[in-house]
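Okay, structure first, notes after.
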Amino acid sequence: MVEDDTLILAAVTKGLVERGHVVLSASTGLGALGEIVDQRPDVVVLDLGLPDIDGLELLRMLRAVSAVPVIVATARDDEQEIIRTLDAGADEYVVKPYSAAQLDARIRAVLRRVRTDDGDEPVQIGGLTIDTRSRVATIDGQRLDLSRKEFDLLWHLASRRGEVVSKRELLAAVWRQPYGGPEKTVDVHLSWLRTKLGESAKAPRYLRSVRGVGVMLADPDSR
Ligand code: CA
């Protein structure tokens, strides 16, 4: 819960806890950003009216580093504002004042969608199989000998397969550095991962770099 109104926070937290949720809270936008990256909640409920930063701005910053589902709490039933919010990357919205029961229903709906899209099933991309439960990746049936970071990097790219992922997002997701850091770290690990996948930057197969934007994992045979 990202909410600066302590009365709303207390009431909603109580209602959510009664319904079986574990609730962490932040009362500022920038505080929330760090908490979200560190604590990796299943879902974020974001109040748009925060003391330090515009909620929509925060949502855009959050989207640069995390794909966590976001339910926006908006003060007015204003169609334009709701559209802007959804365009900025929110998954759902509730209009204030809302009850804990309504929010709980929205949370369950969002989590159902996320879990059907992206369960813990092994991911298959061309000849590459990545199983996050056993932390084993294979290519054409051969097991890849990956370090922990290499596996996490491969898994994050696989969860966003077919999309260009920025190095900044990778630093946040794999190295937990939400405010940026040495992109060289990402480059070095990408290069090791490439070698293990039997490819190179000059002759890419699964891993394709997009200069100045990031890197994408995709089936080499489906381009
Ligand atoms: Ca507020």
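As the structure lists them, so they are numbered: ligands from 1, and atoms in each ligand from 1.
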Counting backbone and side chain alike, does Gly49 bring an N/O/S atom below 3.0 Å of the Ca ion (ligand 1)?
yes
Using 4.0 Å as the upper bound for N to carboxylate O, is an ion pair formed by Asp42 and Arg108?
no
Partner of Leu193 under side-chain contact (heavy atoms from CB on, under 4.5 Å), chosen from Val188, Leu207, Leu217, Val215
Leu207
Of all N/O/S atoms in Asp4, the name of the one nearest the Ca ion (ligand 1):
OD1
For residues Arg194 and Ser209, is any side-chain donor paired with an opposing acceptor at under 3.5 Å?
yes
Looking at Asp47, pick out the N, O or S atom nearest to the Ca ion (ligand 1) and give its name.
OD2
Do Ile36 and Pro41 have side chains that approach each other closer than 4.5 Å (heavy atoms only, starting at C-beta)?
yes
